[in-house]
Amino acid sequence: MLRKITSVVAGLGMAALVLAFGGFGTAADDKKDDKTPTIKEIMAKGHKGTEAYMGKVKAAVKAEKWDDAQKYAKAMSVFGAALGKNKPKKGDADSWKTLSEKYAGDTKALFDATEKKDAKAANDALGTIGESCKACHTPHK
Ligand code: HEC
């Protein structure tokens with residue numbers, strides 16, 4: 001009996017291996033398996049202090065170092081898109097959906113502005129993001 005179970009388990013294990021390595025492993029799957037960054041991680045790496053992405057984007061835009069600005073703004077927009085996949089510990093789901101989607105849109109607008117090397121649009125987007133912190137922290141933090 002035990003031997004039979006063992007062989008069934010071993011068989012399943014093989015099937016899983018074949019599935020995993022048998023041509024189904026695409027880049028998209030790899031991406032999906034990546035752990036979604038937590039809200040804390042997005043917040044801390046995104047805007048905590050001058051070493052965070054937002055501070056780096058601000059400084060780079062000011063210095064017109066567009067490669068840097070694009071790199072950090074891209075990181076913010078990737079985080080922005082991931083924020084809504086998390087669930088905040090406070091606040092209702094509809095409000096979270098609205099505010100996290102707004103953050104995704106605002107960080108995307110920032111990235112688009114840096115791609116166009118448009119300092120005014122970039123500063124506007126930075127201003128919009130800077131004004132959005134409290135509106136989301138009050139209900140959700
Ligand atoms: C769409 C919602 C949203 C926006 C916009 C937002 N935050 Fe947050 N933030 C949160 C939530 C939710 C938490 C609580 C995370 C937790 O403790 O799990 C948080 C936590 C934080 C923290 C604490 C992180 C830690 O290490 O515990 C910092 C710092 C922070 N936010 C900074 C900012 C700043 C600065 C801005 C604006 C530039 C901002 N946040 C915009 C939702 C938001």
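Worth knowing before you read on, the calculation uses all heavy atoms, side chains too, and leaves out hydrogens, waters and symmetry mates. Each ligand, and each atom within it, is numbered from 1 in the order the structure gives. Because the structure is predicted, anything quoted here is derived from the model rather than measured.
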For this session: Just need the protein heavy atom nearest to atom 26 (O) of ligand 1, so name the residue and atom and give the distance.
Result: Lys48 NZ, 3.6 Å

Problem set entry | Asp67 bridged to Lys71 by N-O distance under 4.0 Å | no

Exercise. Backbone or side chain, does His137 get an N/O/S atom under 2.8 Å to atom 8 (Fe) of ligand 1?
Worked result: yes

Problem set entry | Val61 and Trp66, any side-chain heavy atoms less than 4.5 Å apart | yes

Exercise. Which of the atoms of ligand 1 are close to Ser132, meaning less than 4.0 Å from one of its heavy atoms?
Worked result: 5 (C)

Exercise. What protein heavy atom sits nearest atom 34 (C) of ligand 1, and how far off is it?
Worked result: His47 ND1, 3.2 Å

For this session: Using heavy-atom distances, let me know which of Ile42, Ile39, Leu126, Asn86 sits nearest atom 11 (C) of ligand 1.
Result: Ile39

Exercise. Nearest protein heavy atom to atom 2 (C) of ligand 1, by residue and atom, and its distance?
Worked result: Cys136 SG, 1.8 Å

For this session: Go through ligand 1 atom by atom and flag the ones less than 4.0 Å from a non-hydrogen atom of Leu83.
Result: 1 (C)

For this session: Check the pair Asp112, Lys116 against salt bridge (charged side-chain N to carboxylate O under 4.0 Å, His left out), reporting the backbone distance first and the verdict last.
Result: CA-CA 6 Å; Asp112 289 348; Lys116 289 180 198 138; 5.6 Å; no

Exercise. Is there a donor-acceptor pair closer than 3.5 Å between any side-chain N or O of Thr114 and the backbone N or O of Phe111?
Worked result: yes

Exercise. Does Lys89 reach ligand 1 with a nitrogen or oxygen that is under 3.5 Å from one of the ligand's nitrogen or oxygen atoms?
Worked result: yes

For this session: Would you mind listing which atoms of ligand 1 come within a distance below 4.0 Å of any non-hydrogen atom of His140?
Result: 12 (C)

Exercise. Counting heavy atoms only, which of Lys141, Met54, Met43 comes nearest to atom 42 (C) of ligand 1?
Worked result: Met43

Exercise. Can you list the steps and then say if Asp68 with Lys56 is a side chain to side chain contact (heavy atoms under 4.5 Å, CB included)?
Worked result: CA-CA 8 Å; Asp68 281 355; Lys56 300 256 196 200; over 6 Å; no

Exercise. Do the side chains of Asn86 and Ile42 get nearer than 4.5 Å, heavy atoms only?
Worked result: yes

Seminar exercise, completed: With His47 as partner, the option from Tyr103, Phe79, Tyr53 fulfilling ring pair (Phe, Tyr, Trp, His ring centres under 6.0 Å) is Tyr103

Exercise. What protein heavy atom is closest to atom 41 (C) of ligand 1, reported as residue, atom name and distance in Å?
Worked result: Cys133 CA, 3.5 Å

Exercise. Does a sphere of radius 6.0 Å around NZ in Lys90 hold more than 12 heavy atoms from other residues, nucleotides or ligands, not counting ones at 6.0 Å or beyond?
Worked result: yes

